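So the structure is just underneath, and the comments pick up after that.
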Amino acid sequence: MHTIAIEHEILADNEALANHNRAHFLAHGVYVLNLMSAPGAGKTSLLERTLAELSPRYRIGVIEGDVYGREDADRIEKHGVPVVQINTGGACHLDAHLVHDQLERFDLDQLDVLVIENVGNLVCPAEFDLGETDKVMVLSVAEGDDKPKKYPVMFHVARVLLLNKIDLLPHVSFDVARATRDARALNLDLDVFPVSATTGEGLEPWYRWLEGRIARAKAR
Amino acid sequence: MHEVSIASELLTTIERVARESGGRRVRAVDLVVGELAGVDADALSFAFEIVSRGTIAEGAVVTVDRAPLLVACGACGLEGPGDLEALACAGCGGSPVRVTGGRELRLTSIDIEDD
Ligand SMILES: Nc1nc2c(ncn2[C@@H]2O[C@H](COP(=O)(O)OP(=O)(O)OP(=O)(O)O)[C@@H](O)[C@H]2O)c(=O)[nH]1
Ligand SMILES: [Mg+2]
Ligand SMILES: [Zn+2]
């Protein structure tokens, strides 16, 4: 028996394809957002709000990732933006390959923004780079303020945390300060926006943040 | 269960390396998985056992070396171990901290049978 030393990043293939996707996006000046959360935290609801606000001024495309079904794509379609549904058929996350396969269905020259809604899952999507500009995660207050302690990886990789469903704060015991502190404990750069997709509260700062990022992607 | 996807990627690499070195059986696989890699070592070993059935790596012993969480702490100014439970610097308890290690997910070596 003999040992072969290797030193190989296990996800190198996904990383390479993600960088390939990223190069496409950069070349076309498209800002790409990877939207992640546990099932039901409010990704699609927040996306619908964001589309209503920004789609009059920006050309936005959407990729919906779900294990099964096209419920979310149907919701997005009503907003009159191009949308593609990916069904993973079991896998708990999107990967760079699945996204790459759909890119030809968009005319990137005709897009300012591409939003990729990942499969609802608080663990797996964190490991798989899609080639996005920013990872945005949603945590709803209904899930509990202990989530950063229990799922530190997702909070570590995110660029933005949308703390959703704050309209429910009177009904649940959720310490916003604690959740914010713990979410930022391993991620000094994390921006946190407490919001409600239902009432619209808190969404203005998020829209302004997003506009800044879109402008930056265009300027490059 | 993204460990299954990761195990499949791992198997692809191992099969390629084993083929390049003569196509003999793989007896052992050594990995480094960081504490903050978001990968369960047992689940990954188990997934590898399943996906490698009927391949050149069937029955290979998977050994996972856990790389510790390392942080740069603004409070004490040191770089050292982090406390994943407290989400803080293990030295002084300071938080927030900048993560400098613990995200590893790497194949380091394989043992191949000689003729
Ligand atoms: N009270 C309240 N309910 C909300 C809010 N945002 C979303 N919801 C509700 O939460 C449920 C799930 O919302 P979705 O937007 O479908 O969540 P999602 O993260 O896209 O879910 P998956 O794609 O299945 O993972 C729906 O019933 C929404 O109406 C909010 O801010 N406040
Ligand atoms: Mg959804
Ligand atoms: Zn310290």
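Treat the numbers as computed from the prediction; the structure is a model and nothing was measured. Side-chain atoms are counted along with the backbone in the values below, which use heavy atoms only and exclude waters and symmetry mates.
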Part of A:Y151 lying under 4.5 Å from any heavy atom of chain B: neither
By salt bridge (Lys or Arg N to Asp or Glu O under 4.0 Å) - contacts of A:R178 (at least two apart): A:D145, A:D182
Heavy-atom side-chain proximity of A:L103 to A:F25 below 4.5 angstrom: yes
Sidechain N-carboxylate O distance under 4.0 Å for A:D72, A:K43: no
B:D42 backbone acceptor or donor facing B:D40 side chain under 3.5 Å: yes
Most contacts with chain A, counted as non-hydrogen pairs under 4.5 angstrom, among B:A37, B:G102, B:A18, B:A28: B:A37
Contact leader toward chain A among B:L10, B:T13, B:L69, where contacts are heavy-atom pairs under 4.5 Å: B:T13
Electrostatic pair B:E15-B:R19, nearest N-O below 4.0 angstrom: no
Beyond-backbone contact of A:W209 with A:R159, side-chain heavy atoms, under 4.5 angstrom: yes
Per-residue contact mode, A:D189 against chain B (heavy atom under 4.5 angstrom): side chain
Ion pair A:E9/B:R106, N-O distance below 4.0 Å: yes
Chain A neighbours within residues 53-68 of chain B, where any heavy atom lies under 4.5 Å away: none
Heavy-atom check, side chain of B:V39 versus side chain of B:H2, under 4.5 Å: yes
Which residues share a salt bridge (Lys or Arg N to Asp or Glu O under 4.0 Å) with A:E48, sequence neighbours left out: A:R75
Contact class of B:S109 relative to chain A, heavy atoms under 4.5 angstrom: both
Side-chain heavy atoms of A:V62 within contact of A:L114, under 4.5 Å: no
A:N19 side chain to A:R22 side chain, donor-acceptor N/O pair below 3.5 angstrom: yes
Side chain / backbone / both / neither for A:A91 at chain B, heavy atoms under 4.5 Å: neither
Per-residue contact mode, A:E127 against chain B (heavy atom under 4.5 angstrom): side chain
Residues from residues 72-89 of chain B approaching chain A under 4.5 Å (heavy atoms): B:L84, B:E85, B:A86, B:L87
B:R103 portion near chain A, given a 4.5 angstrom heavy-atom threshold: side chain
Distance-only polar pair, side chains of A:D66 and A:Q85, donor-acceptor under 3.5 Å: yes
Contacting region of A:H2 [heavy-atom separation from chain B under 4.5 Å]: both
